[in-house]
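Down below is the structure, laid out as structure tokens.
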Amino acid sequence: MTTLPPVPGPPQVPDPRSRDVALDLAGMDALVAGLVLPDGASPYVTSALETSRELIRHSWYRYEFATVAVTHSLFALEQVLAGRLAVEAPLPELIERAADAGLVGAGLAAELDRGRLLRSRLAQGAVTSAALGPERAVTAVRAVFDAVALLLPPPPTAEATNGAAPEERLARLWKAHRSAPFPAGFRGVDIEGVELVLLDADVAGLVQRELDGGLDGTGVAVLWACIAGLDKAVPLIDETYCSAYFARLRTMAKLAAARHLPTAT
């Protein structure tokens, strides 16, 4: 008697969650740990960013929340951009103006525009809310967090706040920065004479010294020199993660330096 081969079943379609999702809730906590809420934002902006972060965390329960997180974060971005640029315009124009003014780097602007395009495609019905998984959503939402931190007004002076608010913000950013890997492929790279890996090490050491007890006059002078290098390099970085990494470094450096500004007389 001839044995017939088994009848093939329906083709197996891979679960998209298996490609882009943390394995458990603890993994989701780690995934969003670097999304640190910027100080100084309005309650509306803070709420939108926090909701976006929590949507990614809870996409462990509902996969589509990850895409919704990206679109929701753009509410915060749009408001901050309009306020900083003092103009009412569509989001694509606001992003372009911010990049042209050097407020955000080219790479960061490109990532912001990708999030904006996703929102447009959702509105047009070209994609569904399952378009992104958690890891890709974190990349897009981190770009918004970093842009908002860059676009907010400068931190208040130590005299205005008794030093508490800037110090707390600096400590939070430092914690997030320490857990972030140095941008792959940028070791040994210099931009306009600024070697990125050395700049990173210098600022990290100075920020740590500031948090540990405060910089002396020489340290403050070196820090301002580092800020000048960051101001030169950051707008020219055209890779998304690297741009965000050094934008955060610049924010930390300026927070640390602001504590040593002379008071007005």
Side-chain angles (χ1 to χ4, degrees), residues 12-81 91 95 104 107-152 168-169 171-181 240-241 243-245 247-248 251:
Q12 296 298 310
V13 178
D15 185 347
R17 300 175 193 224
S18 65
R19 299 194 305 270
D20 189 17
V21 70
L23 295 178
D24 52 27
L25 281 175
M28 299 303 292
D29 290 340
L31 192 64
V32 301
L35 298 177
V36 180
L37 292 170
D39 290 333
S42 69
Y44 174 86
V45 170
T46 299
S47 175
L49 293 178
E50 186 171 26
T51 298
S52 300
R53 183 182 64 192
E54 294 309 303
L55 281 166
I56 296 176
R57 190 196 308 273
H58 287 83
S59 67
W60 190 81
Y61 297 103
R62 180 76 183 185
Y63 188 76
E64 290 83 353
F65 286 176
T67 299
V68 178
V70 178
T71 61
H72 194 82
S73 71
L74 296 179
F75 297 144
L77 176 67
E78 197 158 8
Q79 184 174 99
V80 172
L81 279 170
L91 185 55
I95 294 172
V104 297
L108 183 55
E111 187 62 48
L112 295 173
D113 200 54
R114 278 190 282 272
R116 191 271 308 173
L117 286 170
L118 173 64
R119 185 173 71 177
S120 295
R121 296 183 70 199
L122 278 167
Q124 296 162 4
V127 297
T128 71
S129 293
L132 295 184
E135 292 180 355
R136 292 171 62 198
V138 164
T139 298
V141 171
R142 182 186 291 116
V144 174
F145 271 67
D146 289 337
V148 168
L150 286 172
L151 293 162
L152 288 174
E168 180 183 355
R169 184 181 179 199
R172 289 167 59 192
L173 286 172
W174 174 238
K175 181 179 178 181
H177 193 76
R178 288 182 64 187
S179 65
T240 302
Y241 177 77
S243 176
Y245 182 95
R248 180 174 55 229
T251 300

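Any value given below was found using the heavy atoms of this structure, including those in side chains, with hydrogens, waters and symmetry copies removed.
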(request) Mind checking salt bridge (Lys or Arg N to Asp or Glu O under 4.0 Å) for Arg142 and listing every partner two or more places apart, or none if nothing turns up? (result) none

(message) Distance check, rounded to the nearest 0.5 Å: Arg114 atom CZ versus Leu132 atom CG?
(response) 11.5 Å

(request) Please name the pair of heavy atoms, one in Glu64 and one in Ala130, separated by the smallest distance, quoted to 0.1 Å. (result) CG-N, 3.9 Å

(request) Determine whether Leu150 and Leu108 make a side-chain contact, defined as any pair of heavy atoms from C-beta on separated by less than 4.5 Å. (result) yes

(message) Set out, in order, the CA-CA distance, both residues' side-chain angles and the distance that settles side-chain contact (heavy atoms from CB on, under 4.5 Å) for Leu152 and Val45, then state yes or no.
(response) CA-CA 11 Å; Leu152 288 174; Val45 170; 5.7 Å; no

(message) Which residues pass the salt bridge (Lys or Arg N to Asp or Glu O under 4.0 Å) test with Arg119, not counting sequence neighbours?
(response) Glu78

(message) So, using side-chain contact (heavy atoms from CB on, under 4.5 Å) as the criterion, who are the partners of Leu117 when residues are at least two apart?
(response) Asp113

(message) Please check: side-chain N/O of Thr51 versus main-chain N/O of Ala48, any donor-acceptor pairing under 3.5 Å?
(response) no

(message) Does any part of the side chain of Tyr63, heavy atoms only, come nearer than 4.5 Å to the side chain of Pro134, both counted from C-beta?
(response) yes

(request) Report yes if the side chains of Ile56 and Leu35 come closer than 4.5 Å at any heavy-atom pair, otherwise no. (result) yes

(message) Restricting to side-chain hydrogen bond (donor to acceptor under 3.5 Å, both in side chains), what partner residues turn up for Arg172, sequence neighbours left out?
(response) Asp39

(request) Specify the closest pair of heavy atoms between Arg169 and Ala149, including all atoms of both residues, with the distance to one decimal. (result) NH2-O, 3.6 Å

(request) Work out which heavy atom in Gly115 is nearest to a heavy atom in Leu74; give both atom names and the distance. (result) O-CD1, 3.5 Å

(request) Under the ring pair (Phe, Tyr, Trp, His ring centres under 6.0 Å) rule, collect the residues that match up with Phe75, sequence neighbours excluded. (result) His72

(request) Sort out for me which residue in Leu55, Val70, Leu49 forms a side chain to side chain contact (heavy atoms under 4.5 Å, CB included) with Val141. (result) Val70

(request) Report the residues that fulfil side-chain contact (heavy atoms from CB on, under 4.5 Å) with Ala176, sequence neighbours left out, ordered by chain and then residue number. (result) Val36

(request) Identify the two heavy atoms, one from Met28 and one from Ser59, that lie closest to each other, and give their separation to 0.1 Å. (result) CE-OG, 3.4 Å

(request) Might you point out which heavy atoms bring Ala109 and Ile95 nearest each other, and give the distance in Å? (result) O-CG2, 3.7 Å

(request) Looking only at non-hydrogen atoms, find the nearest pair between Ala147 and Leu112 and report the distance. (result) CB-CD1, 3.8 Å

